[in-house]
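Just below is one structure, and these are the notes that go with it.
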Amino acid sequence: MTAAAVTAAAAPDLSVQIGKLTLRNPVTTGSGTFGFGSELADLVDLNRLGAVCVKATTSHARIGNPPARIVETPGGMLNAIGLQNGGVENYIREKAPFLRRFDCPIIVNVPGEDPEDFAAVTRRLTEAGVADAIELNISCPNVSHGLDYATDPRLTAEVVSACRKVTDLTLIAKLSPNVTDIRPIAKAAQDAGADAISLINTLVGTSIDIKRRRFRLANGTGGLSGPAIKPIALNLVYRVAQTVTVPIIGMGGIMDASDAVEFLLAGATAVAVGTATFVNPTAVHEVADGIAAYLAQNGFTEVRQIIGAVQAADIRPRTTPEPTQEI
Amino acid sequence: MTAAAVTAAAAPDLSVQIGKLTLRNPVTTGSGTFGFGSELADLVDLNRLGAVCVKATTSHARIGNPPARIVETPGGMLNAIGLQNGGVENYIREKAPFLRRFDCPIIVNVPGEDPEDFAAVTRRLTEAGVADAIELNISCPNVSHGLDYATDPRLTAEVVSACRKVTDLTLIAKLSPNVTDIRPIAKAAQDAGADAISLINTLVGTSIDIKRRRFRLANGTGGLSGPAIKPIALNLVYRVAQTVTVPIIGMGGIMDASDAVEFLLAGATAVAVGTATFVNPTAVHEVADGIAAYLAQNGFTEVRQIIGAVQAADIRPRTTPEPTQEI
Amino acid sequence: MIRKFLAPVIANMPLAAPGHRVLTFLAPALVADARPGQFVAVAADTGVQVLRRPFSVFTADPATGEASILFSVHGPTSQALAAMRPGDALDLVGPLGGRVFSPDSRPGVRHIFVGGGYGVPPLVFLAKTIHAADPHALMDFVDGARSKEFLVGTDGLEEIGVTLWLCTDDGSCGHHGRVTGVLPDLLGDRSRPAHIYTCGPTPMMQAVAEMAAAFDVPCQVSMEVFMPCGLGVCMGCAVHRTDGTYARGCVDGPVFDGREVVWQ
Amino acid sequence: MIRKFLAPVIANMPLAAPGHRVLTFLAPALVADARPGQFVAVAADTGVQVLRRPFSVFTADPATGEASILFSVHGPTSQALAAMRPGDALDLVGPLGGRVFSPDSRPGVRHIFVGGGYGVPPLVFLAKTIHAADPHALMDFVDGARSKEFLVGTDGLEEIGVTLWLCTDDGSCGHHGRVTGVLPDLLGDRSRPAHIYTCGPTPMMQAVAEMAAAFDVPCQVSMEVFMPCGLGVCMGCAVHRTDGTYARGCVDGPVFDGREVVWQ
Ligand SMILES: Cc1cc2nc3c(=O)[nH]c(=O)nc-3n(C[C@H](O)[C@H](O)[C@H](O)COP(=O)(O)OP(=O)(O)OC[C@H]3O[C@@H](n4cnc5c(N)ncnc54)[C@H](O)[C@@H]3O)c2cc1C
Ligand SMILES: Cc1cc2nc3c(=O)[nH]c(=O)nc-3n(C[C@H](O)[C@H](O)[C@H](O)COP(=O)(O)OP(=O)(O)OC[C@H]3O[C@@H](n4cnc5c(N)ncnc54)[C@H](O)[C@@H]3O)c2cc1C
Ligand SMILES: Cc1cc2nc3c(=O)[nH]c(=O)nc-3n(C[C@H](O)[C@H](O)[C@H](O)COP(=O)(O)O)c2cc1C
Ligand SMILES: Cc1cc2nc3c(=O)[nH]c(=O)nc-3n(C[C@H](O)[C@H](O)[C@H](O)COP(=O)(O)O)c2cc1C
Ligand code: FES
Ligand code: FES
């Protein structure tokens, strides 16, 4: 065995490209599940992350929804945080300096009231030099407006275009699973200038306390995340990967490396670990290490070799009638 | 305590009305999870069911999809059966006679290729007197055409109208959760003459075998059912209950009576037990008994008292901006 | 009759084969009804698994009302089974299986059982059943495994007159090679009719069924497909038949005629 | 420093109170860092629960490196904890909690602990910490429960000079009534400053905090809200503050100034 072969076997190349960013490995964090990085400093080494995606940052501070904000459900959880955050100026002043100490691309998640609002925050973050990429959160199910944009290709394009005009940073459109057909929406985001697409945000759901006969969440509904939604997320990532050419950041129920590999095989260039961090705060590292182990065990030298590598299924096109037969 | 009070406490009135049918209790079965009734005869007493909803019956026999057809997922399962069945004549000849021996309304689930196909099967079942209600399966994610109808109000209305013309039986439209906004679709079904609405059918999802790097299901994708989808189903039932006046049969992840009560509180007039039957074949009886116990414990005398009785949440209308505040 | 019940665990004995165990439980109604090839669907409190798992009936003793399953530890359910202790309650539905092994009734027939892995338990049950009906039945049991220590479940068969043919892939015991290596000798004896009953990994059963067809000997195969409900209602256990249709492995099987199955 | 680790279980002792236990485990790093009011987030293999559950640090012994939690069996996680045996591994993250109990350092201050249910453990830890720093500290512990058998966790406190005030709703032991029944006497002593530290059911804490405000005595409350992550990242543990904002129960608390909290 040559020295090069030994090295390759020992350490597969995990790096991937998302827009202008080179990630040292394909593992990033789900916005809203990793705070602003500092909270987990004792447990997670930001220098070992592919990128960090921070909690949503809005133009003005938001107090969020009243409690209860989170309930557990079978295999998952519902959240209705309501985008509580200190606003963009607070982010720039209080949160960004910590993150900038690390060699880790920062993705800032940006919701907005309308295209102008999205663009204003994007512009401010760009000018201040406190983000390496902007993830447009056009898909938050827990606040007004949030959801509407990602349910319509035209509205999606409006938000993306508005932001594209004001930033050269890598622009990521975060899509919603709560739609009839995600493909035209993904296409619209790409055509409007998104450098990448992330999905999925949470699915709308609810839970009722039968003793008190009221909704468990003060907000009524919340967003479902966690292992329960993984099959749905995986299918949407596959669909979108068949539709767009820009890279995809896949997420939804990734708890371990094996889940992450499923997303990569389905066509995601990177993955985000969300709810898993609550259960296992070091999941981000375990997922990255596990992907490396999978590659080594299966004779791959680069993570890029498995992206979209799932063998195409014999999925019949929906317009061809099924064969029928009298039995 | 008077004798009447004792009786009321001992046995709350569980009966509900779905179109022309009076169900002795609100518990029915999810189509495709209970066969044609006879398979479970050792374990389940059909005379104790609210109604029985049988496996999909198509105009011609269908061989179904190749295996693997089912995979387990966290808190749920994906199925891609592909509507395997012997066809409507086979149903009339081989299956209906057994079901007719019981004092239990029969709901026949009917998928179709186009409105004419739906109507042809509906007419045949009506003429043959082998069904008490028809559930139009316009939402099966596992075959061509199936899904399309329930994703569009106009197509939904076309199918329902075509069938309404050929039957006086109770007509139920089964809706899909894989849509951006279910409300106009539910409304269209009602306006076109549906006597009731059932929901949800399964959510589209997939699963990948990372060792073999291929989809676990031969069909590529499947329909997600089981506890994992309960929060999504419950929210859709609530939304539709706020939208239509016809009764709703709620389903999706109901494993026990407590789950069923959540659906009733959300606005379902009846519930269907699906995946739970695979795990616990007597779930239908346990759910009905448990609903009765819940009513008794909480001082209700009729199940109708809790239908839609969840206290309205403080769900902010999606068009009103959130209060924001500098913190 | 299919029942759902909680059966008290009587014993949970490790076998010599690593990871293999026999779990014995009290279930008189099951014992009364179960026939060779039938199985029980077990629900263990694994949390991660939603569905039950099928396990063949290994023994069913009418004298004591005790039945048992023989299993190896694969995943969550079998792990949970391995941890069960006497007195614990085993949550099961059964007996399941619509078409079972049907002993060949031709006089003087040679019954040939070909088993591997967890295909052995139903065949042992079948051998004992045939012996009980006809103490002079001629029986050969071909048991295959990776290596010696994985040959399990055939204890006591020789006592009821079964001739054992052990095969190991690594030659550590008996015939060095696959079960199909010893079959030609057995099938070559044309002096009496023969009948094969096989259960085990699909590639093994395919090879056995093809060999049976070549020798024109009837062959019953017990298909091991994933069985989500075991009750015939989910259609998830499809077995591809030569007529082009899909049978349900659970109620149209698990036992099929070897010539009826389309092997992948 | 917050760590994630598997701590070997040393002992799992039932208490006299039905369903209550103390689980002791080896965790030197936790012992070194944990302060009164902090907690650990426990992951038990319940299957049905996705999230960890918080349990207050009850004891932390630097001499042995052993820590413990005191819990009562409610649901799946506490059930799994109750079943743990010495040598098992306890999966935990901790110590968690950003703002902890801060002992009043005014000379001669009377420290009044008011606990109920699983509010008792952190207060016991606090009392021991105060005693270690000042062996002459004046300490009163008001412990409330439904009835006598549910008064738990205060063993050994009298030995370190704590005066115990037991209260039971049914009068089966000590004061017949709520903890707020004995507080006026303690707070009425104006000869020295007093400081209340309370943890327990929210209605109890609200009553205590309101009484403290009426007597103008400082009061620290440890809020018990559902804590999905315990790390400050999910924002799910909102505590409504009088300034109209929501604090995070886990890292902005769990200890708050009683006047800072909007009680529902
Ligand atoms: C009729 C019948 C009788 C059986 N009798 C016995 C018996 O007597 N003794 C015995 O030990 N076993 C028996 N089995 C096999 C047993 O039911 C399975 O191995 C079962 O999956 C074990 O459950 P588990 O939770 O321990 O492992 P699982 O987690 O279910 O995993 C077991 C194996 O199956 C694979 N697997 C899991 N799900 C799927 C899927 N959807 N598709 C493909 N592969 C999958 C896993 O990768 C793993 O290798 C029988 C199976 C059938 C169908
Ligand atoms: C900071 C802190 C410290 C704690 N310290 C201790 C301690 O030292 N000892 C101790 O015994 N307990 C302690 N608790 C409480 C403990 O964490 C909970 O009781 C925990 O839920 C027990 O888990 P379980 O799985 O046993 O029960 P669960 O299944 O979680 O149920 C426990 C109770 O909580 C209710 N519940 C569950 N989920 C929700 C929800 N989303 N919203 C509202 N109610 C819900 C259930 O109905 C039930 O009554 C502490 C809690 C906090 C926040
Ligand atoms: C508590 C919580 C808060 C979240 N907040 C945000 C947010 O602020 N912005 C956003 O785009 N997504 C948010 N999400 C969605 C996640 O980033 C992710 O898309 C989703 O949870 C699915 O991934 P998971 O199943 O791995 O958690 C949040 C999710 C959770 C659970
Ligand atoms: C194996 C399987 C087969 C199904 N077949 C049908 C069907 O033929 N027609 C139909 O309308 N729904 C079918 N469904 C959907 C169920 O009736 C039900 O809508 C869905 O599973 C959600 O309920 P559950 O989570 O309780 O299973 C099927 C579901 C499963 C799991
Ligand atoms: S396992 Fe469900 S039909 Fe066979
Ligand atoms: S529990 Fe997650 S922020 Fe406090």
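Note on naming: letters A, B, ... go to the chains in the order of the sequence lines (proteins, then strands), and numbering restarts at 1 for each one.
Most heavy-atom pairs under 4.5 Å with chain C: of the set B/G76, B/G226, B/P74, this distinction falls to B/G76. Counting heavy-atom pairs under 4.5 Å between each of B/A41, B/P227, B/P281, B/A68 and chain C puts B/P281 at the top.
Residues passing the side-chain contact (heavy atoms from CB on, under 4.5 Å) test with C/T59, sequence neighbours excluded: C/S68, C/K128.
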Interface of chain C and chain B, donor-acceptor atom pairs under 3.5 Å:
| from | atom 1 | to | atom 2 | distance (Å) |
| --- | --- | --- | --- | --- |
| C/I2 | N | B/D42 | OD2 | 2.7 |
| C/K4 | NZ | B/N280 | OD1 | 2.8 |
| C/K4 | NZ | B/T282 | OG1 | 3.2 |
| C/K4 | NZ | B/E286 | OE2 | 3.1 |
| C/V50 | N | B/E72 | OE2 | 2.7 |
| C/L51 | N | B/E72 | OE2 | 2.8 |
| C/R52 | NE | B/V279 | O | 2.4 |
| C/R52 | NH2 | B/V279 | O | 2.9 |
| C/R53 | NH1 | B/E72 | OE1 | 3.1 |
| C/R53 | NH2 | B/E72 | OE1 | 2.6 |
| C/M235 | O | B/R69 | NH1 | 2.8 |
| C/Y246 | O | B/Q84 | NE2 | 2.8 |

Worked check of side chain to side chain contact (heavy atoms under 4.5 Å, CB included) between B/L43 and C/L231: CA-CA 10 Å; B/L43 294 153; C/L231 299 159; 4.0 Å; yes
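Between B/F278 and C/P228, the closest heavy-atom pair is CB-O, 3.9 Å. In plain terms, the two heavy atoms of B/P67 and C/A238 that are nearest each other are CG-O, 3.7 Å. The nearest pair of heavy atoms linking B/I70 to C/C234 is CD1-SG, 3.9 Å.
Interface residue C/V93: only side-chain heavy atoms are found under 4.5 Å from chain B.
One distance of note links SG of C/C229 with CE of B/M77; it measures 9.0 Å at 0.5 Å rounding.
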